[in-house]
Amino acid sequence: MTCKPGKVYLVGAGPGDPKLLTLRGKECLEQADVVLYDYLANPVLLDYAPARAERIYVGRRGRGTYPDQGEINRLLIDKTKAGKIVVRLKGGDPFVFGRGGEEAEAVAEAGLDFEVVPGVTAAVAVPAYAGIPVTHRTLASTVAFVTGHEDPTKGPSKLEWPRLATAQGTLVFLMGMKNLPTIVSRLIAEGRAADTPVAVIRWGTRANQRTIVGTLSDIVQRAEEAGMEPPTVIVVGEVVRLRQQLNWFEKRPLFGKRILVTRAREQAADLSNLLAAYGGEPVECPTIQIVPPESWDDLDQALAELDHYRWLIFTSVNGVGPFMARLAEKGRDARALAGLSICCIGPRTAKELAVYGLKADLVPSEYQAEGVIDALRKAGVKGQNILIPRAAVAREILPEQLRALGAEVRVVTAYRTVMPKVDVQHLREQFQQRRIDVITFTSSSTVRNFSRLFDDLAEMKKATEGAVVACIGPITAETARELGFAVNIVAGENTVPALAQAIVRHFADERGPGQRRCTVF
């Protein structure tokens, strides 16, 4: 039996913001059998790799225990010789102070196939996120990228400090936090003016980005007082003065906030993208998973009798896809719904329906069961047959109230929500370290399942103490309160955009009128 040929992809993970990964980098991760990843590579990117892929952490953070470079090279070669597609995921760009050249040499010498996928280098992106362009037509026509941590085994420094100090352009030091005093003293000793502006940026492009600004004469003291630690990017030059005017990232209304998203993984992107656009860092931790019903019998029977119904009501976006997929499974399509009026509980559900070429006849102004009841009361449903495909477990108010209005209502199960696998220990650690600022709930199911992650109410309250609780609407908020949460935010309408906007307004109000920097879109 011939083993399939393996290949190594040296992929630049970018500086930290997961959206700065290149499309080619994403493609490589999606086909990976093995991923070797660094400390500086955002772990969120590992979600692009198949669930079956082996994930190997290889450190590279300057301290702690991790494989040395020889061991990493051996792993690359052995896994590739075994016929694996191996992604070496490296922070920033693999060939900019990332030791990617050494790894490529080792793979090439072993006679193995490899590809280099450049990444967005922190040398440019991190200053940009701090409002500092590394070049500027009137301030800096050149830029030099300098390692702040030379290989200690190569003897005397090979950096040309006299030339670096007297250059008129921008200097960007990577991995230089520990050597900041030496960097500053060498530049001043070789002729750089002591009042030259300097910026030190930690965890650039992430929600916990932190920036301090000073001059060569005082930046060491400022960094010590601020407790700055690696990883940092150090920028030296006149372009640093532009930060006061161009600091865009740190002025976003949710900047610095880490927000837990508990929606199903398939639906989390809508909320996560909005939160990221406002400057927050979404932390996806799905507490529900959408799965098929235990039996299709009820839905199949309803589909066979569609001409018996006058109204079809979708109470969630989750019900549309399974309903239409089952209809297709039975050899039918949207034409089978020609005689039905369709009601969708909200605009997002109506949008999902439109994917199948169908337009909702009715979308109530209040996006919950009570809104549907009021709208159908006005439409008049007495004596009419209504079909509601929904979750196996849901509120009974809608079918009960419609029956009270004289309608004949049939409820069938189109999907179930179950508890997915959650890394509870990691989640608890994040709460213990006070790294979660906001918890979002978009349904009562997400609240109930989240509460089940803890042994009891006392543990849950202690773990989530200090975190803001945000709910998509009053029903979800009521469930949260019943389970012991102190609800801080309730969206004005039951939609994901409204929830994101409510979170923005909450923190704008906390800052007060004189400090608000809130643009809601």
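Atoms considered below: every heavy atom in the structure, side chains included; atoms not considered: hydrogens, waters and symmetry mates. Starting from 1, each residue takes its place in the sequence as its number.
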Do you know the tightest heavy-atom contact between [X] and [Y]?
X      : Y      : value
Leu499 : Cys471 : CD1-O, 3.6 Å
Arg395 : Ala369 : NH1-CB, 3.7 Å
Val120 : Pro15  : O-CD, 3.4 Å

Between [X] and [Y], does any side-chain N to carboxylate O distance fall below 4.0 Å?
X      : Y      : value
Asp78  : Lys84  : no
Glu225 : Arg222 : no
Glu103 : Lys90  : yes
Glu30  : Lys26  : yes
Glu71  : Arg74  : yes
Arg206 : Asp17  : no
Glu459 : Arg428 : yes

Given Glu115 and Arg24, is the salt bridge (Lys or Arg N to Asp or Glu O under 4.0 Å) satisfied, shown in steps? CA-CA 11 Å; Glu115 177 182 329; Arg24 180 58 180 154; 3.0 Å; yes

Can a donor-acceptor pair be found, under 3.5 Å and without considering hydrogens, that links the side chain of [X] to the backbone of [Y]?
X      : Y      : value
Thr287 : Thr446 : yes
Thr413 : Tyr415 : no
Thr464 : Met460 : yes
Trp248 : Ala130 : no
Arg452 : Val447 : no
Asn247 : Arg243 : no
Gln209 : Tyr129 : yes
Thr232 : Arg202 : no

Does a side-chain heavy-atom distance below 4.5 Å link [X] with [Y]?
X      : Y      : value
Pro118 : Thr22  : no
Val468 : Ile489 : yes
Leu260 : Thr262 : yes
Val496 : Arg263 : yes
Ile503 : Gln501 : no
Phe485 : Phe450 : yes

Passes salt bridge (Lys or Arg N to Asp or Glu O under 4.0 Å), Glu281 versus Lys257? Steps please. CA-CA 6 Å; Glu281 180 180 349; Lys257 305 299 182 185; over 6 Å; no

If you count the non-hydrogen atoms of other residues, nucleotides and ligands that lie under 6.0 Å from CD in Glu294, is the total more than 12?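 At most 12 heavy atoms, drawn from other residues, nucleotides or ligands, come within 6.0 Å of this atom.
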
Please test Glu352 against Tyr356 for side chain to side chain contact (heavy atoms under 4.5 Å, CB included), starting from the C-alpha separation and ending with a verdict. CA-CA 8 Å; Glu352 180 68 16; Tyr356 300 91; 4.2 Å; yes

Got a list of side-chain donor-acceptor pairs under 3.5 Å for residues 472-480, not counting sequence neighbours?
from: Thr479; atom 1: OG1; to: Ser444; atom 2: OG; distance (Å): 2.7
from: Thr479; atom 1: OG1; to: Ile475; atom 2: O; distance (Å): 3.2

State, without any angle test, whether Thr211 and Glu250 hold a side-chain donor-acceptor pair at a distance under 3.5 Å.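 A donor-acceptor contact under 3.5 Å links the two side chains.
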
What distance separates Asn494 CG from Gln368 CD, expressed to the nearest 0.5 Å?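 Interatomic distance, Asn494 CG to Gln368 CD, rounded to 0.5 Å: 5.0 Å.
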
Nearest 0.5 angstrom please: Ile234 CD1 to Met228 CE, how far?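 It is 9.0 Å, given to the nearest 0.5 Å.
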
Quick one: sort the Phe255 and Phe249 rings into parallel, tilted or perpendicular, breaks at 30° and 60°.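 Geometry flag for Phe249 against Phe255: perpendicular rings.
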
Passes salt bridge (Lys or Arg N to Asp or Glu O under 4.0 Å), Asp33 versus Lys79? Steps please. CA-CA 9 Å; Asp33 298 310; Lys79 296 292 184 181; over 6 Å; no

